[in-house]
Amino acid sequence: MAKEFTRNVSLTGEIKFTGLRLKEPMHHSAGLLGVKEALRHTFKEMGIAKSMKTLAEMNQEDGFRCPSCAWPVPKNPSNIAEYCENGAKALADEATKDHIGADFFSKHSVEELSLLSDYELNKLGRVVEPMVLRPNSVYYEPIDWAEAYDLIAEKLHQLNTPNEAIFYTSGRSSNEAAFLYGMFARAFGTNNMPDCSNMCHESSGVALSQTLGIGKGSVTLDDLHGAEVVLVVGQNPGTNHPRMLSALEKCKKNGGKVISINPLAETGLVSFKNPQKVSGILGHGQKIADLHLPVRINEDIALAKLILKKLVTLDAQHSNVLDHEFIVEYVDGYDELIENLSKYEIEELQRRTGVSMRKIDKAVQLLAEKSNIVICWAMGITQHKNAVNCIQEYINILLLKGAIGKPFAGTCPVRGHSNVQGDRSVGIMHYVNKTLNQKIKEHLLFDPPTEQGYDTVEAIQAMHEKKAKVFICLGGNFVMAASDTQYTAEAIENCILTVQISTKLNRSHLVTGKTALLLPTYGRSEKDEKNGELQFMTMESSMGKVRQSKGLLPPASEHIKSEPEIISQMAHAYFKGEHPMDWNALGQDYNLIRNLIDKTVKGFENTSEQSKGFGYYLPNNVRERDFRMLPNGMAQLTINPLSEHQLKPDELLLMTIRSHDQFNTTIYGLNDRYRGIYNERRVVFMHEDDMKDRNLNRLDVVNLHSFYDDIQRTAEQFLVIPYDIPKGNMAAYFPETNLLVPHNQFADKSQTPISKSIKVTVEKVS
Ligand SMILES: Nc1nc2c(c(=O)[nH]1)N[C@H]1C(S)=C(S)[C@@H](COP(=O)(O)OP(=O)(O)OC[C@H]3O[C@@H](n4cnc5c(=O)[nH]c(N)nc54)[C@H](O)[C@@H]3O)O[C@H]1N2
Ligand SMILES: Nc1nc2c(c(=O)[nH]1)N[C@H]1C(S)=C(S)[C@@H](COP(=O)(O)OP(=O)(O)OC[C@H]3O[C@@H](n4cnc5c(=O)[nH]c(N)nc54)[C@H](O)[C@@H]3O)O[C@H]1N2
Ligand SMILES: [Mo]
């Protein structure tokens, strides 16, 4: 039985259909329609003049970094524009003219607001003054900044141990904000620092650290441009990393081949019309994927094993297929891998993948002939129970081919949030980093905690069990982003205080602890001036390059504060001067923060200077083929068992994916243009045979159920859409389907929720 909440808030909003229109899935991504969509969103939210001026600065040398994804900016960005449709939407969403403050909140209770959908909540606009939701009240009221900081300090002081507090970070924060925040958590006394990467690329971090000695990718943009073969695995770049398509286009122009491995034929990987070129707007577009392998959900290990097996066999016949020199010098575990591969039958592996042998052979042929190979991946392989194994099986391919640590080859985990990688680099982590701790002692002059903290999954559990009581969030929308929405909401409700440092309203402001603070902050595009000095921030791209970002728009209101200032004031109110760090000063001059980052974090050096222009690369051992930190000083091949789901006869595997009109839980609009879905999010994509087996027709209304540990979880009311998806698989949008993901189902070793392979049954409602 679902628990009743103290405040009568809804976790879904009122469930209603919005008027679906269906078209054929598109064959080209971007192009003129993409430009039109970008401008439509920005003009509507920001007005024409402000849109044009701001877009012109996005990702330019002295401008601000796009707040959308973490794809790097090329050295010489196009003069016209180095942004994409979805970057423009992210900007429009942040720089909107719509604002809400005290007046709005005095008229609308959290209970009433919770009936709105996530789309409607976000549309309300920017929050422009600090607000508090007091115990037993359902209305937010305004609060002074000083009083808000004192309230946080008071509640933190009331805790029995620092481990009763949790500090969550979403990946949009700058290095400066994240560093201060991470150091405040440690100075306070806890490593409870879950972050969005726990739900995202944590599996990549673990898989890469164990095999290659660094939790990040190894390639640069130039490597991608010159690669001979690029595998794009479990990723939808046309929607989520559109600027990556320009890189793939360049790679293709240089003669490279692209192989897409994905249950869906995502439009961005079919063909791309580069909006930055006249030919892209007027012409037929650039075909992107030379080959698409429609693998069944979570059968990547079977597919990679089959590819490995075939490469090994070809090598025995032709001898130059694998890079034996590289293997002998740098790689551990060759004999064990070969022995393990021999245990699998080719036909059985192929049957599991659902991909035709002809297509697989074509991929093998390409991989056999070429050695400059890059593998890119994202959530399609990081969010499964065996995600770490999946990634490692693909790394096996790179290692056998010697496609590691040389130009035009290597690993490319494509990050999500625009600074998620930087946040981790500068200290947002739930585990203990001994080197960092040593440096903190030396340079920040306090003793950081040495006990591992909670990641996202453990944080939810701890709050549910009332072991943690204060929950502070630097950005994000934890209630909707985390799995098991009902369980997570119950956990949050147990807190005595929840604090959200946010730009826009979301459900995490409505489903809260007894007292809740809503502290509004600047967006990336906004100008941050302190004592007459223009401040800048730094961010790290998906490829490990640190660069400056300078906002240019006036802040949404004079009553909002920057993230570093809010964090420094929180710390100042807590320590009241009794701490070796001068928190007050740090929040007023970000050069002071960068000086501390440079001293304490490996690879950062003179960042204020070096991050100018197009920035600098952080050190990366894989680029140097330096594996001294690994067993025997070698890169590691790994043995990875096949996936196991034991589906009951009526169960299908559901992946929860992003539409083209959303950024995670922020819903910009109701279309998913490339997949032909207009004006509706409550849809489920199914194979026609699976529909027939269940007597389902197109547009029937169904409920989705998952059943784990004797608990049935339900997401209600979805319209069935027949779609080109492997039989046995389904797809629906996140976060509407997070209700179905059990909080205790996550990836081995990385604890990333299984958002891409949930066992689900379909119940026809009407
Ligand atoms: N516009 C926009 N940009 C974004 C985001 C956004 O929401 N909107 N989110 C940002 C964030 S935080 C992230 S992490 C990234 C996410 O970027 P993506 O990982 O591209 O996002 P998803 O929509 O989750 O897409 C997962 C893809 O994996 C495929 N897939 C699912 N299961 C499997 C599988 O078992 N095997 C294989 N091979 N493929 C599979 C799906 O069909 C889908 O194409 O994008 C970032 N950029
Ligand atoms: N089922 C399912 N669940 C998933 C996923 C999935 O694929 N399927 N993907 C997972 C992934 S990859 C991720 S990364 C997480 C995302 O989890 P989060 O990062 O927690 O969620 P977001 O939706 O990105 O957060 C959006 C909110 O951030 C705030 N915000 C925006 N910009 C700023 C800023 O500049 N500063 C501050 N302080 N706040 C800002 C706004 O208030 C906005 O409402 O979700 C995960 N959850
Ligand atoms: Mo992510």
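As the structure lists them, so they are numbered: ligands from 1, and atoms in each ligand from 1. Bear in mind the structure is a predicted one, so any value in this text is a computation, not a measurement. For reference, positions follow the sequence shown, starting with 1. Hydrogens, waters and symmetry mates are skipped; everything else that's a heavy atom, side chains included, is used.
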Handout entry: Proximal atoms of ligand 2 relative to N506 (non-hydrogen, under 4.0 Å)
Key = 27 (C), 42 (O), 43 (C), 44 (O)
Practice task
Taking atom types as modelled, find out whether D93 and N122 have a side-chain donor-acceptor pair closer than 3.5 angstrom.
Solution key: yes
Handout entry: E85 versus H660, side-chain donor and acceptor atoms under 3.5 Å
Key = yes
Handout entry: ligand 1 contacted by K89 (non-hydrogen, < 4.0 Å)
Key = no
Completion exercise
In this structure, atom 14 (S) of ligand 1 is nearest to the protein heavy atom C200 SG, 3.2 Å
Exercise for the section: Kindly say whether the aromatic ring centers of H99 and F104 come within a distance under 6.0 Å. Expected result: no
Fill in the blank from the handout: A student checking ligand 2 against Q383 at a 4.0 Å heavy-atom cut-off should list atoms 5 (C), 6 (C), 7 (O), 9 (N), 10 (C), 12 (S)
Problem - Per-atom contacts, ligand 2 versus M379 - under 4.0 Å to a heavy atom - result: 12 (S)
Problem - For atom 11 (C) of ligand 1, closest protein heavy-atom neighbour - result: G416 CA, 3.2 Å
Problem - Atoms in ligand 2 with a heavy atom of G475 nearer than 4.0 Å - result: 37 (C), 38 (N), 39 (N)
Handout entry: Top protein contact for atom 34 (C) of ligand 1, by heavy-atom distance
Key = G380 O, 3.0 Å
Exercise for the section: Tell me, please: is Q500 in heavy-atom contact with ligand 2, that is, under 4.0 Å? Expected result: no
